[in-house]
Amino acid sequence: MGKNVLSTDIKNINREINKFKKNGEIQKAIEFCQTILLKEPNRFDLHVRLGDLYMDWHLDVYQAKQYIDEAITQYQRASEALIDNGEIYYKIGFAFFHKGELDRAVNYFNLAIKNGADRAQCHYMMAQCLKKKDRYTDALEEANNALRFTFFKSSRIHYLKHRLLKVLFFSSFKTKLQSKLELILSFIFLPFDNEAKKTFFQKLKIVAIIPDLAKVRYFSKLKDFDTAIDYYTKMIDRIPGFAPLYCGLGDIYRAIGKHEEAIIEYKMARWIDSLCFSAYSGLVQAYEEMGDYDNAISTYLKFISIHPNNAILHSNIANLYFMKGEYEQAVSHYQSAITLNPKQDWTSIVAQTLGYVQQNVIKNTDAAIEAFQSAYLLTPKELDIYISLGSAFYDKEDYQNALIIYRRALELEPNNAKIHCNLGYLYWGMGELSEAIKEYELSIKYDVGYAIAHNNLGVIYLDDLAHIQKASDCFRAAISANPNYALAYYNLARALSIKGEKVEAAKFFQIAYDINSITNEIDPMEIQDRLNNLFE
């Protein structure tokens with residue numbers, strides 16, 4: 001070995017290094033290079049070779065240490081002397097890519113192109129950098145640039161284009177077809193692309209872990225999560241670059257409440273494959289379950305940048321914005337979901353949700369009516385839409401349209417207690433007390449336990465017609481139907497106080513006050529004032 005160490009013949013040196021690599025002794029190959037460089041520090045070709053060895057060692061997934069910085073150092077020493085060597089700049093860019101410093105990697109790939117490096121390789125790696133940065137349109141452009149400089153060795157480039165087209169333009173038939181064509185081309189050119197073949201054969205190793213995947217499912221069903229985690233860990237050791245394994249492990253951690261561990265696994269899957277949708281889905285669920293809405297929204301926004309036409313994503317992020325109180329953003333995404341309209345029944349539900357937000361939170365009745373009408377057009381037989389739309393027309397004091405809506409709803413379900421109750425409320429607001437009483441009585445007829453109908457009918461008898469006993473009977477019926485109905489206790493107490501039964505009235509005011517502290521149906525000061533004034 002000593003003779004070879006002292007040799008300055010590059011062929012002999014490379015032969016010795018290759019011998020060590022063939023035997024899996026990368027560390028000895030590194031030591032061999034270092035020994036020569038101690039004697040001949042200006043052998044820049046050896047600095048490059050030593051950088052390659054460190055890079056190989058770093059990419060060896062079966063060792064734990066990181067050698068990326070050592071590789072970069074050796075390449076940079078070589079570049080100081082070989083300033084016009086594009087291949088060295090490419091190697092530095094490749095190293096920074098694996099270090100995660102993507103902007104620096106892109107800069108070096110551009111330098112490599114200017115200095116005559118393989119343009120196809122450089123543009124392909126820039127596409128990979130941009131993909132990891134979620135800049136998919138730019139990545140697609142770089143992939144197209146790469147194809148301009150190669151033909152046969154293009155399997156990896158075609159496969160990358162297939163995936164980018166699939167996520168960027170999946171709603172277009174033309175681009176769907178183009179995506180499939182790129183996949184076919186990736187297989188056609190596979191025999192000519194050595195790097196693609198390495199990746200392909202690495203993925204074939206998945207077959208070897210199929211029995212373990214079956215065991216994981218079995219143990220997960222048994223809720224034996226510790227064993228499932230052990231199997232996932234062993235599979236990751238065998239195939240460390242397979243993103244779905246990290247997602248599966250993240251799912252297990254999330255199932256047992258270890259959200260921080262789950263997030264680490266999902267992020268690892270995203271780093272390996274930034275287009276891994278399971279990683280995004282798992283990540284947002286983990287954040288939501290932790291109540292970390294900011295990170296959940298941030299992840300959804302990245303997910304939407306990949307799947308801009310996915311209505312469910314827009315609906316989900318809208319729900320998060322609503323929970324955060326950012327209503328304008330919520331409305332915007334609800335509207336996007338409705339516009340995309342993947343399925344009428346689903347879109348109708350989103351439109352109803354938007355209508356609820358507009359009516360009850362933003363207080364924009366016209367916008368609420370528009371949303372409910374959109375829902376009606378999608379699912380004209382959905383009864384809840386009629387009820388919501390009628391309520392919105394009532395809030396706008398457009399009683400005529402509210403009446404039309406409720407009557408049409410009764411054509412669908414003539415015996416629906418809720419619709420009759422709403423009609424009763426509408427007629428009451430219009431001052432048509434006899435019609436209101438008739439509708440409330442029909443509501444009670446079709447649902448004797450409908451507490452709201454009993455209570456509202458009682459208020460008409462109490463405040464509008466002064467039929468105290470009838471009113472009292474209605475309030476007691478409401479309480480019987482719903483013992484936790486604070487408003488019914490309050491109204492019964494009012495009726496009893498008018499009858500002069502002050503002790504009994506005080507009892508029911510107190511019950512109303514106690515229940516209201518939980519249900520918040522009435523202003524508590526109003527109940528307290530009634531109590532205080534009862535014996536004055």
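Fair warning: this is a prediction, and the values are worked out from it, not measured in the lab.
A cation-pi arrangement is present between Lys234 and Tyr231 under the rule of less than 6.0 angstrom and at most 45 degrees off the ring axis.
Side-chain contact check for Ile312 versus Trp346: some heavy-atom pair is nearer than 4.5 Å. Within the 4.5 Å cutoff, the side chain of Arg530 has heavy atoms near those of the Tyr490 side chain. When side chains are defined from C-beta on, Lys161 counts as touching Leu147, because their heavy atoms get closer than 4.5 Å.
Each of Ile263, Ile317, Val284 was evaluated against Thr299; a single residue qualifies, Val284, per the side chain to side chain contact (heavy atoms under 4.5 Å, CB included) test.
Tyr232 is linked by a ring pair (Phe, Tyr, Trp, His ring centres under 6.0 Å) to nothing, counting only residues two or more places apart in sequence or in another chain.
Here the OG atom belonging to Ser391 is positioned 7.0 Å from the CG atom belonging to Asn360, to the nearest 0.5 angstrom. Summarising the geometry, atom CD1 belonging to Ile236 is positioned 5.0 Å from atom OH belonging to Tyr246; distances are rounded to the nearest 0.5 Å.
Between Lys133 and Asp138, none of the side-chain N atoms (NZ, or NE/NH1/NH2) sits under 4.0 Å from a carboxylate O, so this pair counts as no salt bridge. The pair Arg104-Glu101 meets the salt-bridge criterion, with a side-chain N (NZ, NE, NH1 or NH2) lying under 4.0 Å from an Asp/Glu carboxylate O.
The aromatic rings of Tyr489 and Phe508 lie parallel to each other, with less than 30° between the two planes, well short of the 60° mark. Note on ring orientation: taking the six-membered ring where Trp is involved, the planes of Tyr159 and His162 are tilted (angle from 30° to 60°). Ring geometry, Tyr280 versus Phe303: the interplanar angle falls under 30°, so the pair is classed parallel (tilted spans 30 to 60°).
Using modelled atom types, one finds no donor on one side chain facing an acceptor on the other under 3.5 Å when comparing Gln352 with Ser388. Between the side chains of Gln285 and Ser281, at least one donor N or O sits under 3.5 Å from an acceptor N or O. Checking Tyr425 against Asn456 by side-chain atom types alone, no donor-acceptor pair falls below 3.5 Å.
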Derivation and outcome, side chain to side chain contact (heavy atoms under 4.5 Å, CB included), residues Tyr300 and Tyr293: CA-CA 10 Å; Tyr300 264 127; Tyr293 297 139; over 6 Å; no
Check the pair Lys131, Tyr136 against side chain to side chain contact (heavy atoms under 4.5 Å, CB included), reporting the backbone distance first and the verdict last. CA-CA 5 Å; Lys131 178 170 76 76; Tyr136 303 109; 4.1 Å; yes
Apply side chain to side chain contact (heavy atoms under 4.5 Å, CB included) to Asp366 and Gln358, showing your working. CA-CA 8 Å; Asp366 288 332; Gln358 294 283 22; over 6 Å; no
Kindly determine whether Tyr327 and Tyr321 satisfy side chain to side chain contact (heavy atoms under 4.5 Å, CB included), including the steps that lead there. CA-CA 6 Å; Tyr327 302 123; Tyr321 276 125; over 6 Å; no
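Side-chain atoms of Ser179 never come within 3.5 Å of backbone atoms of Thr175 as a donor-acceptor pair (strictly under, hydrogens ignored).
Around atom NZ of Lys418, no more than 12 heavy atoms belonging to other residues, nucleotides or ligands sit under 6.0 Å away.
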